[in-house]
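Notes follow the structure.
Just follow the structure's listing: the first ligand is 1, and inside any ligand the first atom is 1.
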Amino acid sequence: MRTYRVAVLPGDGIGPEVVDIAVKVLEALQEATHTYKLDLVRGEAGVNAIAKYGTNVPPKTIEMLKTTVACLKGPMTTPEEPGAPPSAALTIRKLFNLYANVRPCLSLPNVPSLKPNIDLTIVRENTEGLYSNIEFEVSKGVGVAMRVVTREASTRVARFAFKLADQRRKQLSYVHKANILRRTDGIFNQAVLDVSKEFPNVAVEGYHIDNMAMQLIKRPESFDVIVTTNLFGDIISDEAAQLVGGLGVAAGANMGDNYAMFEPVHGSAPKYAGQDKVNPIATIFACKMLLEYIGEKDSARQMESATFEVLKEGRALTYDLGGKAKSSEMCEAILEKIRRT
Ligand code: NAD
């Protein structure tokens, strides 16, 4: 039997609830096929780890992660005081060089969507740009943040995005602000155009970030893969998530060449913790991406169609989708579909 060792970091707030549900769905899928096994190893990370160990990702969690092929990460509260340790997500991205943040946005059955046929994926550069964490106050009241853009990182993320576009509808849009940020986005754009020569079947088109923010509202159905730098990607991927139903259904992957981390896009929503109320689909979709990553594509499809059926029926929807179901009731409805197939 194929076996995959996968790390699970449940996080805090609503994290443990949505992760437990996603794990139940993963277990039901394994039982349904009997062809592979996920060896799920739980680890501590996040705000509770800071209280215990003074760091978001303690050394024993790092050692554990290194023994796994991928990680499912629940949402974690991030302290904002100056001097607080960097977030667990940031630490893990750096540690495993997870340079591409991948955010699919797909119109879902029975979920309000700006257009009925949106199917796009945003690939965001995950290691540099305005998130390089180089920021200082040059004189009192004057702050400067460095936007680092390198040819190497731009080429790497562009190649990742082109490969993805090549497997999909063969359209790649790159997003920048090179009319103002001439040097940094000049480097990014040139890297994209150079990599485009390796993919002659993929159509390429560039957009300014402000125009893309507008086009995503005007004609989101016309986009396939969108690649951009860190901050622009952060902003438009939340915009795109809202086009197709919002945080309760949005999942993301952090991909490197040898490791990947999957997570719901939403945070720890502390006010809903322990209430069995929030939507677990974002975390379930994160697991779907994980299954695709490890190569268990049939289970990924089964997970998706069971979730789609529950959405279509509309009987077990959580509050954010206009229903009254508890998280556990939505989970049970999805499990029932999986068991029946
Ligand atoms: P949040 O995503 O936790 O919650 C914002 C609102 O979105 C909630 O009040 C709720 O109305 C809704 N929501 C979120 N998840 C939902 C779900 N699964 N189902 C239904 N509704 C849902 O954002 P926030 O309040 O800005 O952040 C809370 C904490 O989470 C902060 O400490 C923040 O830093 C952290 N955070 C962590 C991650 C992560 O770990 N990946 C991401 C974003 C925010």
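- A heavy-atom separation below 4.0 Å is not found between Ala282 and ligand 1.
- At a threshold of 4.0 Å, the pair Glu63-Lys66 counts as salt-bridged, since one of the basic side-chain nitrogens sits closer than that to a carboxylate oxygen.
- A search for salt bridge (Lys or Arg N to Asp or Glu O under 4.0 Å) contacts involving Lys297 returns nothing, not counting sequence neighbours.
- Contact between Ile281 and ligand 1 is absent, with no heavy atom of the residue lying under 4.0 Å from the ligand.
- Considering only non-hydrogen atoms, atom 40 (O) of ligand 1 lies nearest to Met76 out of Glu17, His266, Met76.
- Protein heavy atoms are absent from the 4.0 Å sphere centred on atom 25 (O) of ligand 1.
- Counting only heavy atoms, the protein never gets under 4.0 Å from atom 6 (C) of ligand 1.
- Using a cut-off of 4.0 Å between Lys/Arg side-chain N and Asp/Glu carboxylate O, Arg2 and Glu296 are scored as salt-bridged.
- Those atoms of ligand 1 with a heavy atom of Thr77 less than 4.0 angstrom away are 32 (O).
- Atom 9 (O) of ligand 1 has Lys271 CE, 3.4 Å as its closest protein atom, hydrogens excluded (heavy atom only).
- For the residue pair Asn201 / Asp166, no side-chain donor-acceptor distance below 3.5 Å is found, with atom types taken as modelled.
- Applying the side-chain contact (heavy atoms from CB on, under 4.5 Å) criterion to Ala282, with sequence neighbours excluded, gives Pro264, His266.
- Taking a cut-off of under 4.0 Å to the non-hydrogen atoms of Glu263, the atoms of ligand 1 that pass are 41 (N).
- Listed by number with element, the atoms of ligand 1 under 4.0 Å from a non-hydrogen atom of Pro75 are 40 (O).
- Of the protein's non-hydrogen atoms, the one nearest atom 2 (O) of ligand 1 is Gly267 N, 2.6 Å.
- The aromatic rings of Tyr272 and Tyr319 sit tilted relative to each other, their planes meeting at an angle between 30° and 60°.
- A salt bridge does not link Lys37 with Glu27: every distance from a Lys NZ or Arg NE/NH1/NH2 to an Asp or Glu carboxylate oxygen is 4.0 Å or more.
- Of the polar atoms of Asn279, at least one N or O is found under 3.5 Å from an N or O of ligand 1, judged by distance alone.
- The shell of residues lying under 4.0 angstrom from ligand 1, judged by heavy atoms, excludes Glu80.
- Nearest to atom 32 (O) of ligand 1 among the protein's heavy atoms is Thr78 N, 3.0 Å.
- Using a 4.0 Å cut-off to heavy atoms of Val265, the atoms of ligand 1 that qualify are 42 (C).
- Ser268 counts as a contact of ligand 1, since one of its heavy atoms falls under 4.0 Å from the ligand.
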Chi angles and distances behind the salt bridge (charged side-chain N to carboxylate O under 4.0 Å, His left out) call for Glu17, Lys277: CA-CA 9 Å; Glu17 299 165 45; Lys277 180 173 173 147; over 6 Å; no

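- If you look at Phe223 and Tyr207, their ring centroids are closer than 6.0 Å.
- Those atoms of ligand 1 that come under 4.0 Å of a heavy atom in Tyr272, given as number and element, are 9 (O), 10 (C), 11 (O).
- Counting heavy-atom neighbours within 6.0 Å of Lys326 NZ, excluding the residue itself, gives a total of 12 or less.
- Atoms of ligand 1 lying under 4.0 Å from any heavy atom of Tyr319, numbered from 1 in the order shown and given with element: 10 (C), 11 (O), 20 (C), 21 (N), 22 (C).
- Checking only distances, Ala269 does come within under 3.5 Å of ligand 1, N or O to N or O.
- In this pair, Phe285 and Phe308 present their aromatic rings perpendicular. The plane angle is above 60°, beyond the 30 to 60° band.
- Here is the list of ligand 1 atoms found below 4.0 Å of a heavy atom in Leu247: 2 (O), 7 (O).
- The existence of a salt bridge linking Asp234 and Arg124 is confirmed by a sub-4.0 Å separation between a basic side-chain nitrogen and an acidic carboxylate oxygen.
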